[in-house]
Amino acid sequence: MAGLEPQVRVYQNPEVLAHAAATLFADTSNDAIAKRGVFRTCLSGGKTPEHLYSLLAQRPYRDLISWPLLHAFWGDERCVPAEDLNNNYRQARELLLSHVPVPMENIHRVRTELDPELAAEDYALVLRRNAQPPLEWPRFDLILLGLGDDGHTASLFTGIPLDLKKPAMAVQAATANPPGWRVTLTPEVLNAGRRVVFLVQGAEKSRIVANVLYGGAETGQLPAKSIRPVDGELIWLLDQGAAANN
Ligand code: 6PG
């Protein structure tokens, strides 16, 4: 097992969980800026981070973060137009990025106007332009991930090759919600992160959380198990519902 043992932090309800996540986001940003002068974060899509994004756009959190020094990337994106309700960039822009002073050039979205394979290649170039050698991609200070009922994370779904030596790939997510093409970062990029955070809430996720954390299934079956930072922290932020089977 690469890296440190996962830390599991359980909070009494989704509200307290979102505030804990906002505090961790702010603390991580300040630590990264103090050490490296910049904060590179990889955002997640899905429903769970919505409240976190809204909180970060409000006081006290919005005053705790040096937004001009933040660079935003995405762990995955749905291949729908940037104005589509299902677009992860749009979600983060609406809830957070349009309310705080992050320079446009620091917002690194997946260009979903391209076809999926081209969008993945283009995003690999974006990652390379922001790389920290010897890596060919950024070593993210904070990566936010969610967890699907089927054990997927980002858009790494069961049956999709996980050992690809490329930073981003286009995948056809037939079983996902919404179904369709996605662009996702690969485990190699996610596992280079300094702090990787699964943010998961709700009793409906408790079985899959326990399976990923403690079950014996192979990573191929539960892609979220492939997230094991090589030289970084893995933190699970859960509410009591999601931790019910731990
Ligand atoms: C996406 C996400 C995906 C998500 C999980 C959990 O773009 O859909 O990146 O991996 O995190 O599907 O989604 P919920 O938070 O909606 O349960």
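A quick note: this is a predicted structure, and the numbers were derived from the prediction, not measured. We count ligands from 1, going down the list as the structure has it; atoms in each ligand are counted the same way.
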* To do: Determine whether the side chains of His19 and Tyr61 contain a donor N or O and an acceptor N or O closer than 3.5 Å.
  => yes
* Return yes if a side-chain donor-acceptor contact under 3.5 Å exists between Glu15 and His51, otherwise no. => yes
* To do: Hey, could you give me each pair passing ring-ring contact (aromatic ring centres under 6.0 Å, His included) that has a residue in residues 193-212? Not counting sequence neighbours.
  => Phe198-Trp236
* Short question: side chain of Gln201, backbone of Gly241 - any donor-acceptor pair under 3.5 Å? -> no
* Structure fact -> Sorted by chain and residue number, the residues with a non-hydrogen atom under 4.0 Å of ligand 1 are Ser44, Gly45, Gly46, Lys47, Thr48, Asp76, Arg78, Asn88, Gly146, Leu147, His152, Thr153, Ala154, Arg182, Lys205
* Asked: Can you list every pair that meets salt bridge (Lys or Arg N to Asp or Glu O under 4.0 Å) and has a residue in residues 98-113, with sequence neighbours left out?
  -> Arg109-Glu113, Arg111-Glu113, Arg111-Asp122
* What's in the same ILVMFWY side-chain cluster as Leu118, cut-off under 4.5 Å, chained through other members? -> Leu114
